[in-house]
Amino acid sequence: MKTGEQKQRLNERLTSEIEERVADHLALMDGQVQSLSTDIERIVMRAQTTIAGDTAQLVNEISSSLRRQTKQIRRTEMRLPAMIYSAFGLAIVMIIATALAVVELTKRTESNALGITKINEAEATYLILDPSRSRTTRCTIEDQVLPCIRIGKE
């Protein structure tokens, strides 16, 4: 029976060695897990700090940009009505000036075609007729006989 006892003692010794090695490995692995956990916590904290800082900087830059753009829009909004009114006013003045010029040119052309010269003086306005083209006569208008000037065509 000595053989059985030796086997049992060898078995106990091997089991004891295995348990020690397992305990050593577990202790080593526990230390590595704790180290890894600490490293991951530090990485996460640094990442959170970086993200928070970058986000704050981005928000500040966007806010500043929006403020600048808002000021520019407000300045433009203040100037725009004046610019629009000025443009409309200028357009109206140009239309009136053009209309007056056309009316004046039409009057001159019509007067020249009839051989009439107009002279404006302080006390009166005179119309001078071309004697070779016009003559005084009597006209009947609505059954009334009136003095008139007959201008012949060229």
Side-chain angles (χ1 to χ4, degrees), residues 1-130 133-134 141-142 148-149 151-154:
M1 291 245 178
K2 276 188 165 187
T3 312
E5 279 182 34
Q6 265 186 334
K7 281 185 179 179
Q8 192 174 13
R9 282 188 187 169
L10 181 61
N11 192 11
E12 286 174 7
R13 196 176 57 178
L14 288 175
T15 302
S16 170
E17 274 184 34
I18 289 173
E19 286 175 357
E20 281 179 29
R21 285 188 181 179
V22 166
D24 289 343
H25 284 293
L26 285 176
L28 180 63
M29 287 178 71
D30 186 47
Q32 289 176 343
V33 167
Q34 286 180 357
S35 176
L36 179 64
S37 176
T38 304
D39 290 345
I40 289 174
E41 285 176 7
R42 286 183 192 153
I43 291 169
V44 167
M45 287 176 64
R46 286 182 191 151
Q48 286 175 337
T49 303
T50 302
I51 290 170
D54 290 350
T55 303
Q57 182 180 357
L58 181 64
V59 167
N60 287 337
E61 288 176 6
I62 290 172
S63 175
S64 175
S65 175
L66 288 175
R67 276 191 227 111
R68 278 193 308 273
Q69 289 176 356
T70 302
K71 284 180 184 177
Q72 179 133 7
I73 289 169
R74 283 185 183 145
R75 277 187 248 133
T76 303
E77 285 177 345
M78 293 171 88
R79 292 181 195 151
L80 190 61
M83 290 172 22
I84 290 172
Y85 292 141
S86 298
F88 279 130
L90 183 61
I92 290 170
V93 167
M94 289 177 69
I95 289 170
I96 291 171
T98 303
L100 291 175
V102 167
V103 167
E104 187 61 32
L105 287 174
T106 304
K107 284 182 185 177
R108 285 184 190 170
T109 304
E110 189 175 288
S111 296
N112 288 342
L114 295 174
I116 300 174
T117 304
K118 182 178 178 182
I119 299 174
N120 291 321
E121 291 191 2
E123 70 277 351
T125 299
Y126 300 98
L127 297 176
I128 300 173
L129 303 172
D130 183 0
R133 293 182 54 202
S134 62
I141 300 174
E142 295 181 9
C148 63
I149 301 171
I151 300 174
K153 298 194 178 195
E154 292 183 42

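What you are looking at is a predicted structure, and each value in this text was computed from that prediction instead of being measured.
Judged by distance alone, with hydrogens and angles left aside, the side-chain atoms of Ser16 form no donor-acceptor pair with the main-chain N or O of Glu12 at under 3.5 Å. A donor-acceptor pair under 3.5 Å is formed between the side chain of Thr76 and the backbone N or O of Gln72. Side-chain atoms of Thr55 come within 3.5 Å of backbone N or O of Ile51 as a donor-acceptor pair. Counting only distance, with no hydrogens or angles, the side chain of Ser65 and the backbone of Glu61 share no donor-acceptor pair below 3.5 Å. A donor-acceptor distance shorter than 3.5 angstrom exists from the side chain of Thr49 to the backbone of Met45, with no hydrogens or angles considered. Formation of a donor-acceptor pair under 3.5 Å by the Ser64 side chain with backbone atoms of Asn60 is not found in this model.
For the atom pair Leu58 CG and Ser63 OG, the distance stands at 11.0 Å (nearest 0.5 Å). Rounded to the nearest 0.5 angstrom, Thr15 OG1 and Asn11 CG are separated by 4.5 Å. Note: Ile62 CD1 to Gln57 CD = 11.0 Å, rounded to the nearest 0.5 Å. The distance from atom OH of Tyr85 to atom CD1 of Ile92, rounded to the nearest 0.5 Å, is 12.0 Å. The distance from atom CE of Met78 to atom CD1 of Ile73, rounded to the nearest 0.5 Å, is 14.0 Å. To the nearest 0.5 angstrom, Glu41 atom CD is 10.5 Å from Gln48 atom CD.
Looking only at side-chain heavy atoms (C-beta outward), Leu100 and Glu104 stay at 4.5 Å or farther from each other. Two residues are said to be in side-chain contact when any heavy atoms from C-beta on lie closer than 4.5 Å; Ile119 and Thr125 fail this criterion. Side chains of Tyr126 and Lys118 form no contact here, defined as non-hydrogen atoms less than 4.5 Å apart.
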Trace of the side chain to side chain donor-acceptor pair (under 3.5 Å) decision for Arg74 with Thr70:
CA-CA 6 Å; Arg74 283 185 183 145; Thr70 302; 5.9 Å; no
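Shown here is Glu123, whose CD atom has more than 12 heavy atoms of other residues, nucleotides or ligands within 6.0 Å.
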